[in-house]
Amino acid sequence: MAKANYQKPKGTADLFGQDVLAWQRIEQQARLIFSRYGYGEIRTPMFEAFELFSRSAGDTSDVVTKEMYDFFDKGDRHMALRPEGTAGVVRAFVENKLFGPEHEKPYKTFYMGPMFRYERPQAGRFRQFHQIGVEAFGSTEPSLDAEVITMVVKFLSSLGLKDLKVALNTLGDQESRANYRQALIDFLKPHEAELSKDSQVRLEKNPLRVLDSKDKNDQAIVADAPKIFDYLSEESKEHFAAVKSYLDDLGIQYEVDQTMVRGLDYYNNTIFEVMTTDPNLKGAATIAGGGRYSGLVEEFGGPETPGIGFGLGVERLISLLEAQNQLNLEDAGLDFYLAHIGDASRAKTLELATNLRDLGFKADLDFAGRSMKAQFKAANRRKARFVITIGDNEVETGQVKVKDMITGHQADMDMNKVGEQIEKVIAELVAEEAE
RNA sequence: GCGGUAGUGGUGAAGUGGUUAACACACUGGUUUGUGGAUCCAGCAUGCGAGGGUUCGAUCCCCUUCUACCGCCCCA
């Protein structure tokens, strides 16, 4: 009988060691920056009713039709692992009546966690991936759009990211968008035969997508296509102009990209993406994307409430930071490594380590019964600042040796009075370094 | 869903249809009966992703499968 050989599911990752440090850094920074902007964290379930996602993302979107991790639970309910964060947050917003008068408007919230999409793993793309996202409900003010975009930019640059580009576009309101869509179809239909296979399909399913086709020939055709800007209502035009003006005032760089389209159906008016101009990360160039939406809250049974938000891909962010060498994270070394020899010393060593830990120090010891030399090597590997040696003599007298690993000097300490003596011993040893 | 490349010890990586699968790093022990980052010595893959097949014989040839990576679709 061969032993079972398990592997992690396709498109997933185990994170540990150095990698986790990067994740912690990013999550911590997100919490810090977002809270400055008045956003509070929300945690919603990782799975929801299938319909929640199919209704919000659009029945024809790829995310719904072929990428959803859905299943029927034991109660025969059709469930799905969340492919994105917004739907769950909107559901929670409605279900918990966060639109109520006791809550500040706009209601600003952020989330972070795993998302799931059944697709072929690739550069910057996984089946379980992680997003950090925000949503703000209850205001149509263009200044809020500008604030949200500003917040992403500030967050990313606070991590040391460079070569960022904010692409900005507007889809107009529902009516503008519908008019434009029709105009686009009217324009493209005569060219249908010339379009790439993919774009022919797009023309049927989601004509706006033809705009950002990668096919050169498509791009040439699309160059003469009608522009969304010509179909915007006065209100949408003003909104977009205001957003740009606020961003200008704040000194946030952006580029208007009339061909940018977002994948999920619920967006209108302002949409944006943050991408890297780093040519090495073409496949995963977009690290954050979002925009305004309306209708979602009503769709889920709440009052008419506008929203705006974005989602940011943590894996992509990390690979970008790595490429730019911004992840020089070192885990802090130990304060003390306790090297002990002989069976008699084990209990005392464990006790001393525990005492040091209670005093707030990082301390560890050998559990493998290794030689003194091996334990000193271990201490180096662990970047221990001091090594305390304990053998039979020390157990007998109670006096242990504290060695400064930088200078090599040693001092004695009464292991039964660590609380009183440790600071003084450290101070003495450190003072010697200064000389 | 479609197309391409790859898969050898903890890591990086050589290699060949045929007795013991290089080398380096790391690790463990010793040289120093209890003190570190150096030197030297020794140990460390019953195994070459998994399962079949061809063959007297396969890590090396063939098929299937899994996984990773790259491109398309789509997206974070």
Side-chain angles (χ1 to χ4, degrees), chain A residues 2-13 57 60-68 82-86 112-133 152 196-202 205-206 209 212-215 261-264 273-276 280-290 310-320 337-342 345 366 368-384 386-395 400-410:
Chain A
K3 274 182 206 157
N5 203 351
Y6 293 111
Q7 292 179 302
K8 61 183 178 293
K10 186 173 183 156
T12 63
T60 61
S61 67
D62 276 28
V63 169
V64 171
T65 56
K66 61 176 208 191
E67 294 173 4
M68 198 95 91
R82 36 135 96 144
E84 53 92 31
T86 301
M112 49 181 78
M115 306 292 163
F116 306 85
R117 256 117 102 155
Y118 191 88
E119 56 185 342
R120 188 95 171 247
Q122 220 184 100
R125 176 179 323 194
F126 308 89
R127 289 190 169 181
Q128 175 177 334
F129 64 103
H130 296 75
Q131 284 193 347
I132 295 176
V152 203
S196 67
K197 275 239 154 50
D198 287 328
S199 283
Q200 289 175 13
V201 175
R202 291 187 186 109
K205 280 172 58 179
N206 189 350
R209 289 236 78 95
D212 62 0
S213 169
K214 280 178 195 154
D215 186 274
V261 174
R262 303 248 62 234
L264 306 171
E273 287 186 2
V274 182
M275 45 191 106
T276 173
N280 296 320
L281 286 115
K282 267 191 295 190
T286 301
I287 59 182
F310 68 81
L312 178 150
V314 179
E315 283 84 355
R316 289 186 180 183
L317 174 55
I318 286 176
S319 59
L320 232 193
Y337 189 89
L338 313 208
H340 61 106
I341 199 121
S345 65
D366 175 71
R370 289 179 294 187
S371 68
M372 216 8 102
K373 174 180 174 134
Q375 293 188 61
F376 267 86
K377 281 186 170 178
N380 278 136
R381 249 181 273 131
R382 302 286 295 277
K383 289 180 244 159
F386 301 101
V387 172
I388 296 178
T389 46
I390 307 173
D392 293 340
N393 295 341
E394 287 79 359
V395 171
V400 296
K401 296 199 179 67
V402 182
K403 178 167 183 175
D404 184 328
M405 293 300 274
I406 293 176
T407 60
H409 292 308
Q410 289 197 152

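Quick note on labels: first sequence line is chain A, next is B, and so on, each numbered from 1.
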task: Mind checking Glu315(A) for me? I need base, sugar-phosphate or nothing, with any heavy atom below 4.0 Å counting as a touch.
output: nothing
query: Tell me: CZ of Arg125(A) to C1' of G1(B), nearest whole Å?
result: 12 Å
- request: Considering non-hydrogen atoms only, spot the tightest contact between Ile406(A) and Asp404(A) and give its length.
  value: N-OD1, 2.7 Å
statement: Side-chain contact check for Asp198(A): nearest option of G37(B), C72(B), C74(B) is C72(B)
- prompt: In whole Å, what is the span from the CE atom of Met68(A) to the P atom of C75(B)?
  reply: 14 Å
message: Quick check on RNA chain B: between Gln131(A) and Gly408(A), whose nearest nucleotide comes earlier from the 5' end?
response: Gly408(A)
task: Could you tell me the separation between the CD atom of Gln128(A) and the C1' atom of A76(B), rounded to a whole number of Å?
output: 14 Å
message: Between A50(B) and A22(B), how far apart are the two C1' atoms, rounded to whole Å?
response: 26 Å
message: Whether the Ser319(A) and Arg316(A) side chains hold a donor-acceptor pair (N or O, under 3.5 Å, no angle test) is what I'd like checked.
response: no
- prompt: For G47(B), does the glycosidic angle fall within 90° of 0 (syn) or outside that (anti)?
  reply: syn
message: Please determine whether a side-chain nitrogen or oxygen atom of Lys205(A) lies at a distance below 4.0 Å from atom OP1 or OP2 of C74(B).
response: no
- prompt: In Å and rounded to the nearest 0.5 Å, what is the CZ to OG distance from Arg209(A) to Ser199(A)?
  reply: 10.5 Å
query: Given the C1' atoms of U8(B) and A58(B), what is the spacing between them in whole Å?
result: 14 Å
field: Gap in Å between the two P atoms, one belonging to C56(B) and one to A24(B), rounded
entry: 39 Å
message: Which residues pass the salt bridge (Lys or Arg N to Asp or Glu O under 4.0 Å) test with Lys403(A), not counting sequence neighbours?
response: none
message: side chain to side chain contact (heavy atoms under 4.5 Å, CB included), that's the test. Do Thr286(A) and Val274(A) meet it? Break it down for me.
response: CA-CA 6 Å; Thr286(A) 301; Val274(A) 182; over 6 Å; no
query: Per the atom types in the model, does the base of A76(B) pair as donor or acceptor with the side chain of Arg117(A) at under 3.5 Å?
result: yes
query: How far does the P atom of C23(B) sit from the matching atom of A45(B), given to the nearest Å?
result: 13 Å
- prompt: salt bridge (Lys or Arg N to Asp or Glu O under 4.0 Å) with Arg370(A): which residues, sequence neighbours excluded?
  reply: Asp366(A)
task: Take atom C1' in G10(B) and the same atom in C27(B), then report the distance between them in whole Å.
output: 8 Å
query: Roughly how far, to the nearest 0.5 Å, is CG of Asp215(A) from CG of Asp198(A)?
result: 8.0 Å
Met115(A) side chain reached by Pro83(A) side chain, heavy atoms, under 4.5 Å: no
- prompt: CZ/Arg120(A) to CZ/Arg127(A) distance, rounded to the nearest 0.5 angstrom?
  reply: 9.0 Å
message: When the C1' atoms of C41(B) and U46(B) are compared, how many Å lie between them, rounded to an integer?
response: 26 Å
task: Starting at atom NZ of Lys214(A), determine the distance to atom C1' of C75(B), rounded to an integer number of angstrom.
output: 9 Å
- request: Give the rounded distance in Å between these two atoms: CD of Glu273(A) and C1' of A76(B).
  value: 9 Å
message: Using the P atom as the point on both nucleotides, what is the distance between U28(B) and U39(B), in whole Å?
response: 16 Å
task: Report the distance from atom CG of Asp215(A) to atom P of G71(B), rounded to the nearest whole Å.
output: 17 Å
Return the polar atom pairs (N/O with N/O) between nucleotides 64-68 of chain B and the protein under 3.5 Å, or none.
unit_1, atom_1, unit_2, atom_2, d
C66(B), O2', Gln7(A), OE1, 3.0
A68(B), OP1, Gly11(A), N, 2.7

query: Starting at NE2 of His409(A) and ending at C1' of G36(B), how long is that distance when rounded to a whole Å?
result: 15 Å
- prompt: Taking only N and O in the side chain of Arg202(A), is any of them less than 4.0 Å away from OP1 or OP2 of C73(B)?
  reply: yes
message: If the condition is salt bridge (Lys or Arg N to Asp or Glu O under 4.0 Å), which residues does Glu119(A) pass it with, not counting sequence neighbours?
response: Arg125(A)
query: About how many Å separate CD1 of Ile132(A) and CD1 of Ile287(A), when rounded to the nearest 0.5 Å?
result: 10.5 Å
task: May I have the distance from Ile388(A) (atom CD1) to G36(B) (atom P), rounded to whole angstrom?
output: 18 Å
message: Distance check, rounded to the nearest 0.5 Å: Gln410(A) atom CD versus Thr389(A) atom OG1?
response: 5.5 Å
- request: Assign a letter to each nucleotide of nucleotides 28-35 of chain B from its 5' end: B, base within under 4.0 Å of a protein heavy atom; S, sugar-phosphate only; -, no contact.
  value: SSSB--BB
task: Mind running side chain to side chain contact (heavy atoms under 4.5 Å, CB included) on Val387(A) and Phe376(A) for me, showing each step along the way?
output: CA-CA 8 Å; Val387(A) 172; Phe376(A) 267 86; 3.7 Å; yes
- prompt: Has Arg209(A) got a side-chain N or O lying under 4.0 Å from the OP1 or OP2 atom of C75(B)?
  reply: yes
field: Base-pair map of RNA chain B as dot-bracket, where | denotes pairing with a different strand and pairs are Watson-Crick or G-U under 3.5 Å
entry: (((((((..(((.....[....))).((((.........)))).....(((((..]....))))))))))))....
message: Distance check, C1' atoms only: A6(B) and U59(B), in whole angstrom units.
response: 15 Å
